[in-house]
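Report on the structure given below.
All values derive from a computational prediction rather than experimental measurement.
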Amino acid sequence: MCGIVGAIAQRNVVPVLVEGLKRLEYRGYDSAGVAVHTGSAITRVRRVGRVAEMENAAAEINLTGQLGIGHTRWATHGGVTEYNAHPHVSHGQIAVVHNGIIENHDEQRERLKQLGYVFESQTDTEVIAHLVHHYYKNGGLDLVEAVRVASRELSGAYAIAVIALDQPDVMACARKGCPLLVGLGEGENFIASDVSAIISSTRKVIFLEEGDIAEVRREGVKLTDQQGQPIERKIHFSDVSLASLELGPYSHFMQKEIHEQPKALADTIEQVLHDGFLPALFGAGASEILSQIDGVQILACGTSYYAGLTARYWLEAIAGIPCSVEVASEYRYRDAVARPNTLIVTISQSGETLDTMEALKYAKSLGHKWALSICNVKESAIPRASDLVIYTRAGAEIGVASTKAFTTQLIALFALTCTLAKLRGKLTAARETEYLDALRQLPGSVQHALNLEPQIRVWAERFAGKDHALFLGRGVHYPIALEGALKLKEITYIHAEAYPAGELKHGPLALVDENMPVVVIAPNDALLEKVKSNIQEVRARGGEMFVFADLDSHFSESEAVHVIRTPRHVGVLSPVVHAIPVQLLAYHSALMRGTDVDKPRNLAKSVTVE
Ligand code: G6P
């Protein structure tokens with residue numbers, strides 16, 4: 001969703017802002033803008049559409065300056081218009097960029113109108129610009145103090161960066177609820193909502209925490225709390241690789257990330273193979289916590305939720321521990337019954353999804369004692385709010401449709417399952433060896449699945465012209481059917497639904513005819529014979545079947561039953577391997593439909609609002 005970048009330097013910062021905004025494009029946005037201190041004015045350039053359009057407009061007026069802020073906006077309050085795009089200004093004096101939502105903006109707007117402020121946008125952000133201006137000009141405070149006082153009057157979630165015409169040597173920032181970091185350079189400093197935005201300028205970063213106010217100057221950065229007391233924060237060295245932020249030889253980030261899975265999995269598995277299924281994988285104190293829990297409650301959104309659904313089968317079957325999985329946005333608003341010793345497990349690629357974060361806080365408020373986070377972004381908000389964490393090592397995931405994050409999350413969940421099983425005396429030494437061996441083989445099996453791409457491309461040709469599709473799976477492969485349907489709808493806009501194959505007769509069979517392709521995930525597992533009967537039910541109604549099986553599933557192909565076989569049966573880790581062909585099917589169908597694969601319409605990579 002929205003992204004922030006800012007810079008103060010002894011050089012022209014416009015290229016830094018533009019590059020930063022381009023690196024934030026992946027989060028999803030619909031307009032972009034910058035505000036630059038040109039020496040005599042704060043000049044704003046905003047455009048609906050791509051950052052490149054805004055960049056061209058800035059070049060046309062030869063915009064330059066040594067202090068500036070930039071923003072990619074994903075519309076929430078007010079439509080997608082240039083007027084609503086950030087930065088927002090007050091009286092040409094103050095310019096603000098903002099991520100998050102100001103909940104009391106109506107009330108503040110009324111108050112500011114009474115004070116004579118005129119609003120030109122429908123956004124909640126414009127309230128911040130006028131409020132800061134009010135304290136700055138009318139209250140006689142300097143910029144940092146004006147931001148501090150204003151931020152105390154804002155409720156909701158925000159990360160803001162503000163500049164002032166009369167103070168060309170400072171940028172003021174505040175953080176509550178939304179990520180914001182400061183990047184430290186030599187004689188120049190930066191701010192960003194996401195480290196990728198500034199990585200080519202510096203890797204030394206300070207993550208702001210709740211209530212922090214940052215005074216960012218060329219020569220240094222001062223951090224204070226909302227009362228003005230100085231605070232210290234650790235300096236981190238970001239290990240995000242530039243290569244992971246660039247396309248290289250690929251056409252799309254999604255394609256790149258699908259193909260990176262053998263490596264992403266190997267990197268994530270490495271930490272498990274190194275130590276075995278030991279609590280230490282999940283951080284200090286894990287041994288004590290994990291040996292006391294009596295259940296697992298998984299909370300997540302989107303693809304991460306489907307990883308959780310897969311894990312439930314493992315946790316109950318292998319570790320014998322009760323497990324519930326719930327969409328975070330549902331859990332956080334219902335009167336759930338707390339089970340204090342049930343471990344809360346949040347799964348989030350970004351570590352900043354608002355609903356997941358709020359669900360975690362809610363679970364804690366209900367009395368759950370412990371929370372573990374599975375996350376791909378170091379130092380992000382959700383792991384920081386958790387007692388235990390395991391980081392997936394997928395590398396930066398840029399494509400909106402999650403791929404390598406999903407399969408690496410499955411590894412983290414499998415490792416959690418086996419660790420709990422071991423602690424509970426349910427994992428024999430022979431089983432442990434078998435599972436470790438299966439993990440070792442997995443990147444190779446995933447590579448074999450990727451090699452099926454040419455066959456899947458042929459299937460995609462048949463899919464591209466369809467309006468609907470049905471995905472079926474059973475048992476641990478049912479969540480893979482859900483994930484396949486989600487991938488297809490996200491990037492091709494084909495309406496796709498997934499069902500547990502056993503539910504076919506209870507409704508979806510009514511939809512089946514020759515226009516409804518049916519994808520079946522059918523490896524050789526305990527439910528194979530049942531899936532075969534489900535396939536007959538579809539066949540009898542004229543439906544065309546696309547079956548993903550493995551080598552020993554013994555399906556006979558016919559005119560309307562197409563089969564692609566993954567080359568090995570990988571037992572308990574089979575859902576990881578079967579995630580690959582459904583990703584490829586969605587990707588190639590999207591290519592044929594000509595959609596914007598990495599930036600599908602209406603979707604965002606990190607959903608930081610409700
Ligand atoms: C968005 C993304 C999805 C992702 C979901 C949860 O909807 O487009 O790809 O699965 O958010 O994100 P998280 O970062 O919490 O895993």
Counting C-beta onward and ignoring hydrogens, is there a side-chain heavy-atom pair between L208 and R233 closer than 4.5 Å? no
Aromatic ring proximity Y29/H71, centre distance under 6.0 Å: no
Return the minimal non-hydrogen interatomic distance between G70 and L17, and the atom names on each side. N-CD2, 4.3 Å
Ignoring hydrogens and angles, state whether a donor on the side chain of S201 or E188 is under 3.5 Å from an acceptor on the partner side chain. no
Checking salt bridge (charged side-chain N to carboxylate O under 4.0 Å, His left out) against R46, which of E120, E53, E82 comes through? E120
Taking the basic N atoms (NZ, or NE/NH1/NH2) and the acidic carboxylate oxygens, is any pair closer than 4.0 Å for R109 and D124? no
Taking all non-hydrogen atoms of both residues into account, name the closest pair between Q271 and L281 and its distance. O-CD2, 3.6 Å
Excluding sequence neighbours, so at least two apart, what forms side chain to side chain donor-acceptor pair (under 3.5 Å) with S196? D194
Go through the steps for R27 and E352 under the test salt bridge (charged side-chain N to carboxylate O under 4.0 Å, His left out), then give the verdict. CA-CA 12 Å; R27 296 169 65 89; E352 58 176 282; 3.0 Å; yes
With a 4.5 Å heavy-atom cut-off, do I235 and V205 have their side chains touching? no
List the steps, then state whether salt bridge (charged side-chain N to carboxylate O under 4.0 Å, His left out) holds for E358 with K361. CA-CA 5 Å; E358 291 304 320; K361 287 187 194 157; 3.3 Å; yes
Sequence neighbours excluded, every pair satisfying ring pair (Phe, Tyr, Trp, His ring centres under 6.0 Å) that has a member inside residues 149-205: none
Could you tell me if E483 and Q583 have a donor-acceptor pair between their side chains, going purely by distance under 3.5 Å? no
Which atom of N84 lies closest to which atom of T123, heavy atoms considered: O-CG2, 3.4 Å
Donor-acceptor pair, distance only, cut-off 3.5 Å: does the side chain of S31 make one with the backbone of G49? no
Min side-chain heavy-atom separation V216-I191 under 4.5 Å: yes
Can you list everything that forms a side chain to side chain donor-acceptor pair (under 3.5 Å) with K176? Sequence neighbours excluded, please. none
Do T125 and H88 have side-chain N/O donor and acceptor atoms under 3.5 Å apart? no
Using atom types as modelled and distance alone, determine if a side-chain donor or acceptor of D598 lies under 3.5 Å from a backbone N or O of F253. yes
Kindly determine whether E55 and R50 satisfy salt bridge (charged side-chain N to carboxylate O under 4.0 Å, His left out), including the steps that lead there. CA-CA 9 Å; E55 180 186 14; R50 294 286 183 236; over 6 Å; no
Are the side chains of M54 and L21 in contact, using a 4.5 Å heavy-atom criterion? yes
Is E107 reaching over with its side chain to a backbone N or O of N104, donor-acceptor style, under 3.5 angstrom? no
Could you pull out all residues at least two apart from H259 that satisfy ring pair (Phe, Tyr, Trp, His ring centres under 6.0 Å)? none
Return yes if some donor-acceptor pair links the side-chain N/O of D355 with the main-chain N/O of A328 below 3.5 Å, else return no. no
Apply salt bridge (charged side-chain N to carboxylate O under 4.0 Å, His left out) to E25 and K22, showing your working. CA-CA 5 Å; E25 282 188 302; K22 285 187 175 166; over 6 Å; no
Suppose we screen for ring pair (Phe, Tyr, Trp, His ring centres under 6.0 Å). Which residues come up paired with Y83, at least two apart in sequence or across chains? none
Compile the donor-acceptor pairs under 3.5 Å between side chains in residues 387-401 and protein atoms, sequence neighbours left out, one pair per line.
{"residue": "D387", "atom": "OD1", "partner": "K364", "partner atom": "NZ", "Å": "3.4"}
{"residue": "D387", "atom": "OD2", "partner": "K364", "partner atom": "NZ", "Å": "2.7"}
{"residue": "D387", "atom": "OD2", "partner": "A371", "partner atom": "N", "Å": "2.7"}
{"residue": "Y391", "atom": "OH", "partner": "E379", "partner atom": "N", "Å": "3.3"}
{"residue": "T392", "atom": "OG1", "partner": "C375", "partner atom": "O", "Å": "3.2"}
{"residue": "T392", "atom": "OG1", "partner": "N376", "partner atom": "OD1", "Å": "3.0"}
{"residue": "E397", "atom": "OE1", "partner": "S402", "partner atom": "OG", "Å": "3.0"}
{"residue": "E397", "atom": "OE1", "partner": "K605", "partner atom": "NZ", "Å": "2.6"}
{"residue": "E397", "atom": "OE2", "partner": "S402", "partner atom": "OG", "Å": "3.4"}
{"residue": "E397", "atom": "OE2", "partner": "T403", "partner atom": "N", "Å": "2.9"}
{"residue": "E397", "atom": "OE2", "partner": "K404", "partner atom": "N", "Å": "3.3"}
{"residue": "E397", "atom": "OE2", "partner": "A405", "partner atom": "N", "Å": "2.9"}

Tell me every residue that passes ring pair (Phe, Tyr, Trp, His ring centres under 6.0 Å) with Y331, counting only those two or more places apart in sequence or in another chain. Y362
Heavy-atom count around E246 CD within 6.0 Å, excluding the residue itself: above 12? yes
Among residues two or more places apart or on two chains, list those pairs meeting ring pair (Phe, Tyr, Trp, His ring centres under 6.0 Å) that have a residue in residues 198-218. F207-H236
Taking N138 for its side chain and Y135 for its backbone only, find out whether a donor-acceptor pair lies under 3.5 Å. no
Could you tell me if the side chain of L265 sits less than 4.5 Å from the side chain of V576, heavy atoms only? yes
Do Q229 and T224 get their side chains close enough for a donor-acceptor pair, meaning under 3.5 Å? no
Considering residues at least two apart in sequence or located in another chain, which fulfil the side chain to side chain donor-acceptor pair (under 3.5 Å) criterion with E210? R175
Just jot down the side chain to side chain donor-acceptor pair (under 3.5 Å) partners of N56, sequence neighbours excluded, or say none. none
Donor-acceptor contact present, side-chain S304 to main-chain A300, <3.5 Å: no
Should we say atom NZ of K489 is surrounded by more than 12 heavy atoms from elsewhere, each under 6.0 Å from it? yes
First locate atom CD of E490, then atom CG of N602, and finally report the distance between them rounded to the nearest 0.5 Å. 12.0 Å
If we ignore hydrogens and angles and just use 3.5 Å, is the side chain of T72 paired with the main-chain N or O of G3 as donor and acceptor? yes
Not counting sequence neighbours, which residues clear ring pair (Phe, Tyr, Trp, His ring centres under 6.0 Å) with H91? List them please. Y117, H133
Against I94, only a single residue in I128, I163, L143, V89 fulfils side chain to side chain contact (heavy atoms under 4.5 Å, CB included); can you say which? L143
With distance as the sole test, does S241 use its side chain to make a donor-acceptor pair with the main-chain N or O of S244 at under 3.5 Å? yes
On a heavy-atom basis, the closest approach of A150 and L131 is O-CD2, 3.8 Å
Are I269 and L442 side-chain neighbours, meaning at least one heavy-atom pair lies under 4.5 Å? yes
Between the side chains of H130 and E126, does any donor sit under 3.5 Å from an acceptor? yes
Is there a donor-acceptor pair under 3.5 Å between the side chain of R217 and the backbone N or O of N189? no
Exercise: identify the closest heavy-atom pair between G79 and Q122: N-OE1, 3.6 Å
Assess whether side chain to side chain donor-acceptor pair (under 3.5 Å) is satisfied between K137 and S90, documenting all intermediate values. CA-CA 11 Å; K137 275 290 164 190; S90 184; over 6 Å; no
Any chance CD of E232 has more than 12 other-residue heavy atoms, nucleotides or ligands included, within less than 6.0 Å? no
If the condition is salt bridge (Lys or Arg N to Asp or Glu O under 4.0 Å), which residues does R73 pass it with, not counting sequence neighbours? none
